[in-house]
Amino acid sequence: MASALEIGSTADLYVAEGHYQRALDKFQTCLGILIPLLSSEPKGRRRELLHSQIELWMQEAESTKALICM
């Protein structure tokens, strides 16, 4: 999980630098790891935080995809 979160952080940096395709690739990689982990995470604060981060990165991935298509 830690490496997936790091990949997502790297994706945020790529977006900030304007490297949208690299960012999208990183978002897809981290979400591909984190989404399956969410279902096995026990209820609690950590699960809520993970869910929030996944939602945020999904929105960012969609926005990044739109930027690439322009």
Side-chain angles (χ1 to χ4, degrees):
M1 182 185 306
S3 62
L5 293 170
E6 190 172 320
I7 293 168
S9 295
T10 302
D12 283 332
L13 294 174
Y14 279 133
V15 169
E17 294 172 354
H19 301 288
Y20 301 124
Q21 186 59 56
R22 288 182 184 159
L24 183 58
D25 293 342
K26 295 291 183 183
F27 281 132
Q28 289 173 337
T29 300
C30 81
L31 291 170
I33 296 169
L34 292 176
I35 291 171
L37 290 177
L38 183 62
S39 62
S40 64
E41 190 68 32
K43 290 183 180 180
R45 182 72 178 141
R46 183 171 132 157
R47 181 186 174 120
E48 292 169 9
L49 290 171
L50 182 58
H51 184 263
S52 296
Q53 189 63 58
I54 288 171
E55 285 184 336
L56 176 67
W57 280 336
M58 287 177 76
Q59 292 170 355
E60 287 186 36
E62 289 298 319
S63 298
T64 302
K65 192 184 296 185
L67 287 171
I68 292 170
C69 292
M70 293 179 105

| note | Taken in chain and number order and not counting sequence neighbours, the residues that satisfy side chain to side chain contact (heavy atoms under 4.5 Å, CB included) with Glu55 are His51

| message | Under 4.5 Å between side-chain heavy atoms, counting indirect links through other Ile/Leu/Val/Met/Phe/Trp/Tyr residues: same cluster for Leu67 and Met58 or not? | response | yes

| message | Quick test of your reading: applying side-chain hydrogen bond (donor to acceptor under 3.5 Å, both in side chains), list the pairs with at least one residue in residues 30-46, sequence neighbours left out, ordered by first then second residue. | response | Glu41-Arg46

| remark: When rounded to the nearest 0.5 Å, the distance separating CG of Leu50 from CD1 of Ile35 is 9.5 Å

| Inter-residue atom distance Arg47.CZ - Leu37.CG, 0.5 Å rounding | 11.5 Å

| said: Give me each pair satisfying side-chain hydrogen bond (donor to acceptor under 3.5 Å, both in side chains) with a member in residues 57-70, each pair once, sequence neighbours excluded. | reply: Asp12-Trp57

| message | Counting neighbours of CD on Glu48 that are heavy atoms of other residues, nucleotides or ligands and sit closer than 6.0 Å, is the number greater than 12? | response | yes

| Is there a path of hydrophobic side-chain contacts, each under 4.5 Å between heavy atoms of I, L, V, M, F, W or Y residues, that connects Leu38 with Leu5? | yes

| query | Taking atom CE of Met1 and atom CG of Leu34, what is their separation to the nearest 0.5 Å? | reply | 7.0 Å

| task | Enter the distance from Cys30:SG to Gln53:CD here, rounded to the nearest 0.5 Å. | result | 8.0 Å

| request: Is it possible for you to say whether Val15 and Ile68 belong to one hydrophobic cluster, with membership spreading through side-chain heavy-atom contacts below 4.5 Å? | output: yes

| field | Euclidean distance, Ile33 CD1 relative to Ser3 OG, rounded to 0.5 Å | value | 5.5 Å

| message | Can you tell me how far apart CG (Leu24) and OH (Tyr20) are? Round to the nearest 0.5 Å. | response | 12.5 Å

| remark: All heavy atoms of Ala23 vs all of Tyr14, minimum pair found to be CB-CB, 3.6 Å

| task | Enumerate the residue pairs fulfilling salt bridge (charged side-chain N to carboxylate O under 4.0 Å, His left out) with a member in residues 22-32, sequence neighbours excluded, ordered by first and then second residue. | result | none

